[in-house]
Amino acid sequence: MAICDSCGNDYDKSFQITLSGQTYTFDSFECAIHKMAPRCEHCHVPIIGHGLEQSGRMFCCAHCAGQQNVTQLRDRVN
């Protein structure tokens, strides 16, 4: 069994994720998201989809980007 790096649970069905050479162990996707997902600069929600990024600033949607005066980003290009 392995201990979750997010909640500390010792779980027999844990899994590992490696990012930038660092390996983390989790007992659930929820814990992995909590520890690893980037957060929206405006509303602080974990970004688990594609998100939007400009100059290293991450946003969950164009609305939140606009609230931070980042106006060139769009959710969908038609």
Side-chain angles (χ1 to χ4, degrees):
M1 295 205 295
I3 296 174
C4 178
D5 287 328
S6 186
C7 72
N9 186 30
D10 194 2
Y11 188 53
D12 67 332
K13 293 175 181 63
S14 63
F15 58 94
Q16 293 183 321
I17 297 176
T18 301
L19 178 66
S20 300
Q22 178 81 30
T23 300
Y24 301 91
T25 301
F26 299 106
D27 68 343
S28 66
F29 286 115
E30 180 180 9
C31 282
I33 290 167
H34 177 74
K35 179 116 177 144
M36 299 188 75
R39 302 261 172 186
C40 177
E41 188 172 308
H42 178 70
C43 71
H44 309 290
V45 69
I47 301 169
I48 58 172
H50 58 81
L52 299 168
E53 180 178 6
Q54 182 183 62
S55 302
R57 299 173 72 189
M58 298 287 299
F59 303 96
C60 65
C61 63
H63 171 79
C64 282
Q67 295 296 305
Q68 297 293 312
N69 297 316
V70 177
T71 57
Q72 333 47 326
L73 301 176
R74 294 186 291 174
D75 287 318
R76 177 180 287 178
V77 177
N78 292 330

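Atoms considered below: every heavy atom in the structure, side chains included; atoms not considered: hydrogens, waters and symmetry mates. None of the values given here were measured: they were computed from a predicted structure.
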**Message:** One pair to check against side-chain contact (heavy atoms from CB on, under 4.5 Å): Cys4 and Tyr11. What are the steps and the verdict?
**Reply:** CA-CA 7 Å; Cys4 178; Tyr11 188 53; over 6 Å; no

**Asked** Looking at CG of Asp27 and CG of Asn9, how far apart are the two atoms once the value is rounded to the nearest 0.5 Å?
**Response** 4.5 Å

**Asked** Is there a path from Leu52 to Met58 through hydrophobic residues (I, L, V, M, F, W, Y) whose side chains come within less than 4.5 Å of each other?
**Response** no

**Item:** From CD (Glu41) to CD (Gln68), nearest 0.5 Å
**Value:** 5.0 Å

**Message:** Is the distance between the ring centroids of Phe29 and Phe15 under 6.0 Å?
**Reply:** yes

**Item:** Interatomic distance, Met36 atom CE to Ile48 atom CD1 [nearest 0.5 angstrom]
**Value:** 14.0 Å

**Complete:** In short, Pro46 meets Ile33 closest at the heavy-atom pair CB-CG2, 3.9 Å

**Fill in**
Phe59 and Cys40 have their tightest heavy-atom pair at CA-SG, 3.8 Å

**Request:** Taking all heavy atoms of His44 and all of Arg39, pick out the closest pair and write down the distance.
**Result:** O-CD, 3.1 Å

**Closest non-hydrogen atom pair between Cys60 and Ile47, with its separation** = N-CD1, 3.8 Å

**Request:** Examine distances only and state if a side-chain atom of Asp5 and a backbone atom of Thr25 form a donor-acceptor pair shorter than 3.5 Å.
**Result:** yes

**Prompt:** Which atom pair, heavy atoms only, marks the closest approach of Ile17 to Ala32?
**Reply:** CD1-CB, 3.9 Å

